[in-house]
Amino acid sequence: MIHSSKVSREVQALALRWLEDCLTEPFDDTDLEAAIDRSVEKIRLRRELASCGLVGGSEAMQTVFRVISKAASTSATVLITGESGTGKELIAGAIHASSKRKDGMVCVNVAGLDDTAFTDTLFGHKKGAFTGAVRYRRGAFELAHGGTIFLDEIGEMPLHLQTKLLRVLQDYEIKPIGGEKTIELDVRVIAATNRDLEETVALGTFRQDLFYRLSVLMLTIPPLRHRREDIPAMVRRFATLFRYKIGREISGFSEQALNTLCRYDWSGNMRQLMNVIKQAMVLCSNT
């Protein structure tokens, strides 16, 4: 049970609003305690996402928040898809931070890694495994043991390297370069891509069996042009964040400016919007 000493009255009030979605009649005290705990966790997750600019009352983002909440309570592999700049790594971080895996999240961008770099980065190497291997190096999977590994741009992996990753997801064990013994893993895998992996599977450039292993839970982040109603809240959030970083006390944005921002298509999505807001705050003449 969450007591008043740990949670503000505001949070408790918000939690109670969630009860109608969390409870079914009849219920006992245990049901009530569990429902309040789940409600406060949802509120905490939303606030954490908001701190990163992932805000929005649109139905598209509400769906995203619901999936994040469900994914965080499991150790299932998650595949996050969406256009560049939509905040896929932030979503992965939110899932990890809200899970029971508190041992850390290791992030690896797998795009552009050749055979040697891929194997060394993910699996590590033993001392003396090759010229220059002067010490034992733990790979990303071993570093993420007990936590989460985030594999970004998974859709860019060449087919022959996909086989190596598939073997890890099947057996959850690795063997460092030059090593003789396998290392068992306790790690959660979250992958992300801006590609349509089902289409790449159909084209023969991505393994179907690997796609199935990665997509136990799928989460698609909608682009800004599909949730324009969220832009004003994001603008206000970014303005608050940048106010202290750049040392400009900006009172706000005009209605005309907000309307212009909402009409723009934002091909770079949240990342582009964030950059524009920062530039505007640096260059504006009014403080």
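- Annotation: side chain of T220 is not in contact with side chain of E83 (no heavy-atom distance under 4.5 Å).
- The shortest heavy-atom contact between L159 and G204 is CD1-O, 3.4 Å.
- By the 4.5 Å heavy-atom criterion applied to side chains, F118 and M157 are counted as neighbours.
- Of all the heavy atoms in E229 and S58, the pair that sits closest is OE2-CB, 3.2 Å.
- Looking at D152 and K88, no side-chain N of the basic residue comes within less than 4.0 Å of a carboxylate O on the acidic one, giving no salt bridge.
- In this structure, F130 and D120 have side chains that are in contact, with non-hydrogen atoms separated by less than 4.5 Å.
- Residues T86 and N269 have side chains that never bring a donor and an acceptor to within less than 3.5 angstrom of each other.
- Between the side chain of R188 and the backbone N or O of T74 there is at least one donor-acceptor pair closer than 3.5 Å.
- Taking the side chain as every heavy atom from C-beta outward, L122 and L151 approach each other to under 4.5 Å.
- When all heavy atoms of R227 and M234 are compared, the pair lying nearest together is NH1-SD, 3.9 Å.
- Between M270 and G87, the shortest heavy-atom distance links the atoms CE-CA, 3.8 Å.
- T81 and T193 share no donor-acceptor pair across their side chains, judged by distance under 3.5 Å alone.
- In terms of modelled atom types and a separation under 3.5 Å, the side chain of H96 and the main chain of R101 share a donor-acceptor contact.
- Residues L166 and Y212 form no side-chain contact, since every pair of their non-hydrogen atoms from C-beta on lies 4.5 Å or further apart.
- The shortest non-hydrogen separation linking R228 to C262 is NH1-O, 2.9 Å.
- In this structure, Y172 has no ring pair (Phe, Tyr, Trp, His ring centres under 6.0 Å) partners at least two apart in sequence or on a different chain.
- Between the side chains of T63 and R66, at least one donor-acceptor pair of N or O atoms lies under 3.5 Å.
- Cluster membership for L214 and L217, using ILVMFWY side-chain heavy atoms within less than 4.5 angstrom, is not shared.
- Taking every heavy atom of both residues into account, K164 and D115 meet most closely at NZ-O, 4.3 Å.
- Put simply, the side chain of V235 reaches to within 4.5 Å of the side chain of I277, judged on heavy atoms.
- The closest side-chain heavy-atom distance from L79 to F211 is below 4.5 Å.
- The backbone N or O of L185 sits nowhere less than 3.5 Å from a side-chain atom of H145 that would complete a donor-acceptor pair.
- Two residues are said to be in side-chain contact when any heavy atoms from C-beta on lie closer than 4.5 Å; Y264 and L273 fail this criterion.
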